[in-house]
There are 2 protein chains.
Amino acid sequence: MEQPRGTRVRGTRQASAVAAALTSLPGFCSAQEIHAELRRRGETVGLTTVYRHLQVLSEQGAVDTIRDPSGETLYRQCGSTAHHHHLTCRVCGRSVEVEGRVVEQWAEKVAAEAGFTSVDHTVELFGLCPDHAA
Amino acid sequence: MEQPRGTRVRGTRQASAVAAALTSLPGFCSAQEIHAELRRRGETVGLTTVYRHLQVLSEQGAVDTIRDPSGETLYRQCGSTAHHHHLTCRVCGRSVEVEGRVVEQWAEKVAAEAGFTSVDHTVELFGLCPDHAA
DNA sequence: CTGATAATAGAAACGATTATCATTACGAGC
DNA sequence: GCTCGTAATGATAATCGTTTCTATTATCAG
Ligand SMILES: [Zn+2]
Ligand SMILES: [Zn+2]
Ligand SMILES: [Zn+2]
Ligand SMILES: [Zn+2]
């Protein structure tokens, strides 16, 4: 797990570009949308590279990921680094970070009662934001 | 929406086979696993047809669907037709139907506070069943 | 500056799902 | 039972997000 001495993760133009895009984009976006946004800004970053950085950032906990109803993965840089969930607009991707103590407790209780261990949970809310109410 | 007179949904060997497989399989399975199971039983049903029936059954509410962490869709015939969620084993797919009034209320409250409408929720629990505890 | 190697990016591969469409077979009406 | 319109089937091809491959480029410690 230790880096061979003198070796470190390299800083590249592409890494900063992806991070910057995530910082400026307000809602959840797909990798391809982020790629398109970068090109719009004149940044040349390969789609593969965008995917790779998103994966790394996600593993580091620097960005949150959700899966939209079609199965596509969406990414977003969140304000809080603590555990939380999202209420996301189906139309524009705008999202609100929500926290729910009750849900966490409910999940733990249910898991314990069933004798399951290493239980993880997925809780996602999708709806229409005030601007996109039907 | 009205059927032309005298026309009805036709009962076919394949429809029964898929339904039967779902009834006998204890946990969540992918379309491809169900297809393999049918072949194992000697039933000849095309993969396309399996997908088609699963989709119909799912729309009818006759089977529940979840998405495993890799994004694959899993199907299961549930005991209850009422709204509920699942606690599923990551290894064998065995699952427990769980109900949580608190989660439903929490979702509604959170959505209302944020001014979102038409809010739907996804709540899934994945863990290790007693037989597969690490 | 230089060399070892991390990072990049286009292309090809992948895998689940869906669309196409020629063929099969259910079943309502006789 | 037989016929016929048409729903259902299923092999194949297409789709699409994502990952893998690999030759090339660029970073940075020494
Ligand atoms: Zn919106
Ligand atoms: Zn949570
Ligand atoms: Zn298990
Ligand atoms: Zn619910």
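The basis for the numbers below is simple: all heavy atoms, side chains too, and nothing from hydrogens, waters or symmetry mates. Source: prediction; values computed, not measured.
Summarising the local packing, CZ of B/Arg39 is surrounded by 12 or fewer heavy atoms from other residues, nucleotides or ligands at distances under 6.0 Å.
Using a 4.0 Å heavy-atom criterion, one finds that B/Thr44 contacts the sugar-phosphate atoms exclusively. The residue A/His35 sits apart from the nucleic acid: no heavy atom pair falls under 4.0 Å. Backbone-only contact: B/Gly11 has heavy atoms under 4.0 Å from sugar-phosphate atoms and none from a base. As judged by a 4.0 angstrom heavy-atom cut-off over every strand, B/Ser30 is placed among residues making no nucleic acid contact.
Ranking D/dG10, C/dT17, D/dG17 by closeness to the B/Glu72 side chain, first place goes to C/dT17. The side chain of A/His53 lies closest to C/dT8 when the candidates are C/dA7, C/dA9, C/dT8. Closest to the side chain of B/Thr49, out of C/dA9, C/dT17, D/dG10, is D/dG10. Nearest nucleotide to the B/Val45 side chain, out of C/dA16, D/dT19, D/dG10: D/dG10.
Contact annotation: A/Gln14 does not reach the phosphate of C/dA7 (side-chain N/O to OP1 or OP2, under 4.0 Å). The phosphate of D/dT19 has neither OP1 nor OP2 within less than 4.0 Å of any side-chain N or O from A/Tyr51. For C/dT18, the OP1/OP2 oxygens have no side-chain nitrogen or oxygen of B/Thr48 closer than 4.0 Å. Checking the phosphate oxygens (OP1, OP2) of C/dA6, no side-chain nitrogen or oxygen of A/Thr12 falls inside 4.0 Å.
For C/dT8, the base has no donor-acceptor partner in the side chain of A/Arg52 [N/O atoms by modelled type, under 3.5 angstrom].
Residue order along DNA chain C, read from the 5' end via each residue's closest nucleotide, puts A/Ala15 first among B/Gln32 and A/Ala15.
The CG atom of A/Leu128 sits 8.5 Å away from atom CZ of B/Phe116, with the distance rounded to the nearest 0.5 Å.
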